[in-house]
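Worksheet: the structure to be examined is printed underneath.
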Amino acid sequence: MLKLSGINAAYKDLQVLWDVSIQVDEGELVALVGSNGAGKTTTLRVISGLLKPASGSISFQDHSLGKESAHRIVELGISQVPEGGKIFTGMSVLENLELGAFVARARKDKDQTLKWVYEIFPRLEERKNQRAGTLSGGERQMLAIGRALMSKPKLLLLDEPSFGLAPILVEQIFEMITEINRQGVTVLLVEQNVRAALELAHRAYVIENGRIVGQGTGEDLLSFESVRRAYLG
Amino acid sequence: MGRKQVIFIALLIAILVLLPVVVKKDNIINLALLVLLYICLASSWNILGGYTGQTNLGHAAFFGLGALSTRFLWMSGWSLLPSVLAGGLLAVAFALLIGIPAFRLRGVYFAIGTLALAQILYITVGNVFSDISSLRPQDLATYQLVPRYYFFLVLALLITGTTYLLVNSKLGLGMMAVREEEEAAESLGVSALKHKLLALSISAFFAGLSGGAFAYYHVGYYPRFPFSPEWTFDSMMMVYIGGAGTIIGPIIGALFFVVVRELLALKLVELHLIVFGILFILVVLFLPGGFVEAWKKMQAAFARRSKERGVKVSFQTTDD
Amino acid sequence: MFVPLAQSLVFGLLVGALYGLAAVGLSLVFGVTKFLNVAHGELLMLGGYASFWAFTLRGVDPFLTLPLTMVFLLVIGVVLYKLLFAHMVKLTEEAKIQNTLLVGFGLSLILQNVALRLWTADTRGITTSYSRMAFTFLGVRFPIVRVASLGIALIALFALDLFLRRTYTGKALRATVENWEAATLMGIDIQRVYLLSFVMGAALAGAAGCLVSVGYSIDPGMGMSWTLKGLIVMVLGGLGSFMGTFVGGIVLGVTESATGYFLTLTYREVVGLVLFILVLVFRPQGLFGTKER
């Protein structure tokens, strides 16, 4: 479904990704794990078109994304939940969700999708008229995910959904992600919380200093000696 | 500085010093004086705008304040130098009035504040001093262009020399660090506020002195004239056309400006603003480094081509 | 004592509405694109001349030309955007502000001097058959043209507010104001949002210019003053809050006329500078803005 091959990417003169190749198949929940600054967020930015790679190719369902602009990529069915959620704090919860369905493909089914999102996150319905800035940390993350789902994505990119949340909330959020995946949305999850992510994912990639250094099923990687030592303490 | 550059600069200064001795024509001296005046304006704007990255849309205010107070003090009996100096200091005072509150906030506020200062002074000075300001009869009787020329020459050398020393000092490095990345500079212990205020003060002081020199030079003008926005525009335009954040840039810009204006006979202010306005916008959009940058690029391209051909050539950079 | 003071405050309120209208356009463009277009006042000037010539040459009533003037400025906005401002979309926020300041300043002097060449430095104004009409309340005169202008400014503002709150496109604009990157991830085409807000700002300037030409006077050099009023009001009201901006316009107008009344007209303009510095020192988020989160 999604295929990155040989991606090199840089911010100005600083190269961040080196020959990154990743594949995500339809229906999968794939994790990309690694420490802070390893290049996880950059990989997502390259996929969603916010950063154009210096070389390498990206394809999504036989579509080359290399030249597509970021807003077109959403239209094609990839939706990213950015790090920290980046919800529109000055707008209401409902307005945030409506904006999620901005692309034409999603807008026509907006009301139906909204029902679905409310089913997954009942809390958002309770707070739909509240200003998003008044939400708690966990609710903000739910809103960010809900907003991304509003675009009816085929592939959902999640950037550190556990960041800054209490352990109990992390567990909840991860359950919801599993549920979303079970309902047919392919997920690429970026996490620093390596153990949780590996337990959740079907397959995972390990990224270090901008290079993919390992891959396998979640279980495999969990039992992998170097991974254990590096990330699981 | 390399030895060649030192010789070149010494030669240039010698020519400028000898110019009035060799050329006796007033119109030529006057033209050279104008180039020097514009060098003063552009180079002083450059200290803040080019090296520290803060856009000052009200340079005319500092120039005008210098002119206003110098003219007033000088004609009321002070001798020239203290009058001009006082003009410079007054400009600094007004600059700090905007700079101290604005620099603590984002860059927009400073630009708006300086524009406000200049425009409001322009209107208010026009309201308060509506009569033309002419030199006294005894000054007119003894009026000579050559001392005015030397006054501007000394000032231009002073400003350029100070810029050179500043750029090669720790303060100058701090200023440029603030321009490149304010947060990074702060994290290295460079106080952005302090450096911005210092650059602003120096810039405004020199603009004020230039205004003082203008008051000494000009026979009769409306007091609001030196406050008009085209002085700000001309300063910015010369800096950007020449090359912002370089020492030579404003000098090239000023020379280019005066020469082109003469060639096109753009005596009318409206036409000169239209022509140079378009040129300025083109430079900002498509040639951000101005002439200096273009020259470097040409050299680099030439060097590449020569290399490809296997020809050996040596280059000296125009880097200051 | 009461009547002259009240009269002066009423005039301040009426002109303040136009300051507000000018500032709202400026603030809309700045909020969405981070372009600080210092040629905004010149756009207003062009709007004024468009209405003036429509009235002088064709005898069309200025209130009828208002929508046409807005369309005219919208077109000019598209041209200016495509020609100049589109080049700056990809820059960082700081660089955007700096470059638009430079380009805008150059543009403002160009437009000003083109107008000077074309239409001379004469001060002009539209004098219709009803220009001198006014109604009096408690001894205070309300010129109907200026009151109508206040009404139109309010209508424009409410229409803008409705657009921003109720339509999808309006919400996309507000989302871009908050966080352009997150807006992009919603599938919003930022380039189009930028263009839209820029031309809307131009159209608002056109509307303000039309109202100025009928209630007050216009000349080629007016732009810089109006830009400045707009900028000061924008800071006064708080960056990014449109209603606050409009109220800020009225605050500036009223304060100016009160100063004119109690002190002297000579120093009227200084009020703007003093208010600006006071806001910077004591309330940088603006009179009605909230602190940045």
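The figures that follow rest on heavy atoms only: side chains count, while hydrogens, waters and symmetry mates do not. Labels below follow one simple rule: chain letters A, B, ... track the order of the sequence lines, proteins then strands, and each chain is numbered from 1.
Using a 4.5 Å cut-off between heavy atoms, B:Phe233 contacts chain C through both its backbone and its side chain. Heavy-atom distances place both the backbone and the side chain of C:Leu107 under 4.5 Å from chain B. For a residue to count as touching a neighbouring chain, one of its non-hydrogen atoms must lie under 4.5 Å from one of that chain's; by this rule B:Pro229 touches chain C with backbone and side chain alike. In this structure, chain B has heavy atoms under 4.5 Å from both the backbone and the side chain of C:Leu102. Interface remark: B:Ile112 contributes backbone and side-chain atoms alike to the contact with chain C (heavy atom separation under 4.5 Å). Neither the backbone nor the side chain of B:Tyr122 comes within contact range of chain C; no heavy atoms are under 4.5 Å apart. Contacts between B:Ile278 and chain C at a heavy-atom distance below 4.5 Å involve backbone atoms as well as side-chain atoms. For B:Leu105, the part lying near chain C is the side chain, with the backbone staying farther off; criterion is any non-hydrogen pair under 4.5 Å.
Annotation: side chain of C:Leu273 is in contact with side chain of B:Ile98 (closest heavy-atom distance under 4.5 Å). Counting only heavy atoms from C-beta outward, the side chains of B:Leu285 and C:Met88 approach each other to under 4.5 Å. For the pair C:Phe105/B:Leu115, a side-chain contact is recorded, criterion being any heavy-atom separation below 4.5 Å from C-beta on.
Nearest heavy-atom pair across C:Leu101 and B:Ala111 is CD1-CB, 3.3 Å. When all heavy atoms are compared, the tightest approach of C:Leu228 to B:Ala116 is CD1-CA, 3.3 Å. The shortest heavy-atom contact between B:Pro101 and C:Val281 is CB-CG2, 3.7 Å. Heavy-atom minimum distance, C:Leu84 versus B:Ile281: CD2-CG2, 3.5 Å.
Interface summary for chain B: among C:Arg268, C:Met224, C:Glu94, the most heavy-atom pairs under 4.5 angstrom belong to C:Met224. In terms of heavy-atom pairs under 4.5 Å with chain C, the best-connected choice from B:Val108, B:Leu97, B:Leu117, B:Leu282 is B:Val108.
Between the CG atom of C:Asn113 and the NE2 atom of B:His272 there is a distance of 8.5 Å, given to the nearest 0.5 Å. Here the straight-line distance linking atom CZ of C:Arg117 with atom CG of B:Leu273 works out to 12.0 Å at 0.5 Å rounding. To the nearest 0.5 Å, atom CD of residue B:Gln119 and atom CD of residue C:Glu269 are 8.5 Å apart. How far CZ of B:Arg179 is from CD of C:Gln98: 9.5 Å, rounded to the nearest 0.5 Å. Here CD1 of B:Ile120 is found 9.5 Å from CZ of C:Phe276. Values are rounded to the nearest 0.5 Å.
Atom CD of B:Glu181 sits in a sparse spot, with 12 or fewer heavy atoms from other residues, nucleotides or ligands closer than 6.0 Å. Counting heavy-atom neighbours within 6.0 Å of B:Tyr222 OH, excluding the residue itself, gives a total of 12 or less. Heavy-atom neighbours of B:Phe286 CZ from other residues, nucleotides or ligands within 6.0 Å: above the threshold of 12. At most 12 non-hydrogen atoms from other residues, nucleotides or ligands lie less than 6.0 angstrom from CZ of B:Phe72.
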CA sep, side-chain torsions, deciding dist, call: B:Phe280, C:Leu109, side-chain contact (heavy atoms from CB on, under 4.5 Å): CA-CA 11 Å; B:Phe280 171 65; C:Leu109 287 169; over 6 Å; no

